[in-house]
2 protein chains.
Amino acid sequence: MAATMQDVATLAGVSVKTVSNVVNDYPYVRPETRERVMSAIAELGYQLNASARNLRRGRTGLIGLALPMLSLPYFAELAESVIAAAEERGLVVVIEQTGDDRGREMDALHGSRRTVTDGLIFSPLALGPEDEHLLPTRPPLVLLGERVFSDRVDHVTMRNTEAAKAATEHLLSVGRRRIAVVGVHPGEKVGSAALRVTGYEQALREAGIALDPALYGTAGPWGRAAGAQALAQILDAGAVPDAVFGLNDTLAIGAMHELQTRGLRVPEDVAIIGFDDIEEAQYSAPTLTSVHFGRDDIARSAVDLLEARITGAAGAPRRVDAAFQISVRASTGGAGGRASVPT
Amino acid sequence: MAATMQDVATLAGVSVKTVSNVVNDYPYVRPETRERVMSAIAELGYQLNASARNLRRGRTGLIGLALPMLSLPYFAELAESVIAAAEERGLVVVIEQTGDDRGREMDALHGSRRTVTDGLIFSPLALGPEDEHLLPTRPPLVLLGERVFSDRVDHVTMRNTEAAKAATEHLLSVGRRRIAVVGVHPGEKVGSAALRVTGYEQALREAGIALDPALYGTAGPWGRAAGAQALAQILDAGAVPDAVFGLNDTLAIGAMHELQTRGLRVPEDVAIIGFDDIEEAQYSAPTLTSVHFGRDDIARSAVDLLEARITGAAGAPRRVDAAFQISVRASTGGAGGRASVPT
DNA sequence: TTGTAGGCGTTATCAG
DNA sequence: CTGATAACGCCTACAA
């Protein structure tokens, strides 16, 4: 059996409370007592039992991170940042993959996992604004993105509309006029897709360009295959875009692949911009211009909000807006680097 | 306060033991009793306290997954599969990112996280065979890959040498002779890099081709940037390869990017093959031929081995070899699809 | 088939 | 500054 506090206490000739004080860095312990306890701990190879502490404290030190799936690079990179940010605060992250499935998202929100974790950072994909009423506020929750919005819950948002507008304006600024958009979710009103499409339309409208339904490519899941397929449909229908706005980078890369398969040149024939600025954007051929958000900032904000809520230090639900800029690369004729755009 | 078993028992007019029996699906409970307990649970919104159960049972239901980082697509995809496989068995996965850092890998093996989890699936990158002695056997451990090997521990291995040999033979079969290899770790003897290079060398030797030091590109971390840089060094030194073997896909994609930047055509001037067959390989331009291992099989094997070890059902340490095949795509002149190769 | 008693290892309370 | 003692909520014997 593993050594317990009692064993340590006996060996050190003190009470368990004193051992506990030492383990928890309670300041009022005499140095020599602390010394004695420390060496007893070392001698026995004592390790604190997390379950017992959790039971006593009523917390687990675990936070959940619910996202669609890790094989989508954006979410993998987000998870990496969240895990790192949580670790800085002594929190351990449990990832739950909801796979764009409504039932699984509900489960992440209400299922038994919630009792194991102290709180949840949730990036929804299937749930929509009509589900706002079923967002539980009781086990702490932080929402990422704007698919679902509620003033009862903390949010980290991404100003999708402004960023998408800036992306479209970038394409306009390099002389493109027939800009296709891939990854559209028809009928959706408030998800990332809809918000980004709104920004796209705002930019065109302000530039005096009519919206063309033939340039809208729909795609359910936002993967490479979907991007390729969405663009294929646009092209097969006879449309001739001179630019493509991928609502995320994987869609853009799929679309780029489809263009190249058909012998079209990027950016000469068709310019492309993506969204998220995943690492892959720097190594595609050509490199992909993209909208860049600070993932680490987003992750840190989310973890901070959640921790404040868990410890009860938080007041009214807060909202944090993440900043963005356009990383201009070869797919829109740029050389590289990252151009600053006021946010 | 949240309801406890005692509350449920009182409301249902039974003892806590009966509630416990119901919650744990103990078979010998009279249906009407079960019914009564169930409705009391529903009425109170009772949820089992995981910490208390863990303390009592001496287990947490958590397993760790230690890997370099999630932003490397191969590890993100692996994590996805491991989480899914674990979920099927009612286990929750905690990811620890070691970032190719020896200290962090040691910590994953021995640190305080180990007391929170029931076992660890560990994909080492920094530790080497000389560290075999410090592999703890006590909290259950399953090793992925062949960087470290010990007959005291369960392993899931990948036949790196055979697979790399097959990859090289594929390049030979399409007429290439000056095959560069990128991602080499000089001096390393038993890691993935060394094993794959061994396979590469075996294939060349059997084909009667002399090894050329000028065609070896070294790279520490296996990312896209490293692949691009490694190939750049080879080319800058004046070597003229007609093919590149990337020791993983991200290296291969980085190398491909470097070739295209310099105006070389793939596969006409230089053919490329990668290793791991990440999803991105299907959408690069051109699509990337790669060595394919069944990630889901690897993940399932690892979780099974670990679970058996945790429950004490396991005997002597076991070793599971994952099967592979070559997915032939455009980067070596193929059209697509996945050619079977006997493993 | 169900109830009772006790303890898992820790921390909080409250003296001393 | 340190010690005794009582929970935290559940599960495992054992008994009934």
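Residue numbers start from 1 in every chain, and the chains themselves are labelled A, B, ... in the order their sequence lines are given, proteins ahead of strands.
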Can you tell me if B:S20 touches the phosphate of D:dC11, counting only side-chain N or O atoms and a distance under 4.0 Å to OP1 or OP2?
yes
Would you tabulate the pairs of protein nitrogen or oxygen atoms and nucleotide nitrogen or oxygen atoms of nucleotides 3-5 of chain C closer than 3.5 angstrom?
unit_1	atom_1	unit_2	atom_2	d
C:dG3	OP2	B:S15	N	2.8
C:dG3	OP2	B:S15	OG	3.1
C:dG3	OP2	B:T18	OG1	2.5

From B:H155 NE2 over to B:L143 CG, what is the distance, rounded to the nearest 0.5 angstrom?
5.0 Å
Does any pair with a residue in residues 8-33 of chain A pass ring-ring contact (aromatic ring centres under 6.0 Å, His included), and if so which ones, sequence neighbours excluded?
A:Y26-A:Y28
Going by side chain to side chain donor-acceptor pair (under 3.5 Å), name the residues that satisfy it together with A:E35, two or more places apart in sequence or in a different chain.
none
Expressed in angstrom and rounded to an integer, what is the separation of B:N54 atom CG from C:dG9 atom C1'?
13 Å
Among pairs that include at least one residue of residues 112-128 of chain B, which meet salt bridge (Lys or Arg N to Asp or Glu O under 4.0 Å), considering only residues two or more places apart or in two chains?
none
Write down the distance between CZ (B:R53) and C1' (C:dG7), rounded to a whole number of angstrom.
18 Å
Send over the distance from B:R57 CZ to C:dG9 P, rounded to a whole Å.
16 Å
In chain order, what residues pass the side chain to side chain donor-acceptor pair (under 3.5 Å) check against B:S150, with sequence neighbours excluded?
B:E132
Partner set under side chain to side chain contact (heavy atoms under 4.5 Å, CB included) for A:Q6, not counting sequence neighbours:
A:T4, A:A9, A:T10, A:V16
Rounded to the Å, how far apart are A:Q6 CD and C:dG7 P?
13 Å
Rounded to whole angstroms, how far apart are CZ on B:R59 and C1' on D:dC11?
14 Å
Could you work out, with side chain to side chain contact (heavy atoms under 4.5 Å, CB included) as the rule, every residue matching B:D321, not counting sequence neighbours?
B:T157, B:R159, B:R319
Residues in contact with DNA chain D, drawn from residues 28-45 of chain A - heavy-atom cutoff 4.0 Å:
A:Y28, A:V29, A:R30, A:T33
Quick check for you: among C:dC8, D:dC10, C:dT10, whose closest atom lies nearest to any side-chain atom of B:L55?
C:dC8
Does any donor-acceptor pair link the side chain of B:R56 with the base of D:dC11 at a separation under 3.5 Å?
yes
Are B:D304 and B:R89 ion-paired here, with the side-chain N under 4.0 Å from a carboxylate O?
yes
What is the bend of the helix from C:dT1-D:dA16 to C:dG16-D:dC1 when you compare the axis at one end with the axis at the other, using five pairs each and rounding to 10°?
30°
Listed by chain and number, what are the side chain to side chain donor-acceptor pair (under 3.5 Å) partners of A:E80, not counting sequence neighbours?
B:S71
Partners of B:D296 by side chain to side chain donor-acceptor pair (under 3.5 Å), sequence neighbours excluded?
B:S81
Any side-chain N or O of A:Y26 below 4.0 angstrom from OP1/OP2 of C:dA12?
no
Are any of B:N24's side-chain N or O atoms less than 4.0 Å away from OP1 or OP2 of D:dC11?
yes
note: B:N49, atom CG; D:dC11, atom P; distance rounded to Å ~ 9 Å
Can you name the side chain to side chain contact (heavy atoms under 4.5 Å, CB included) partners of A:R104, sequence neighbours left out?
A:T98, A:D101, B:E87
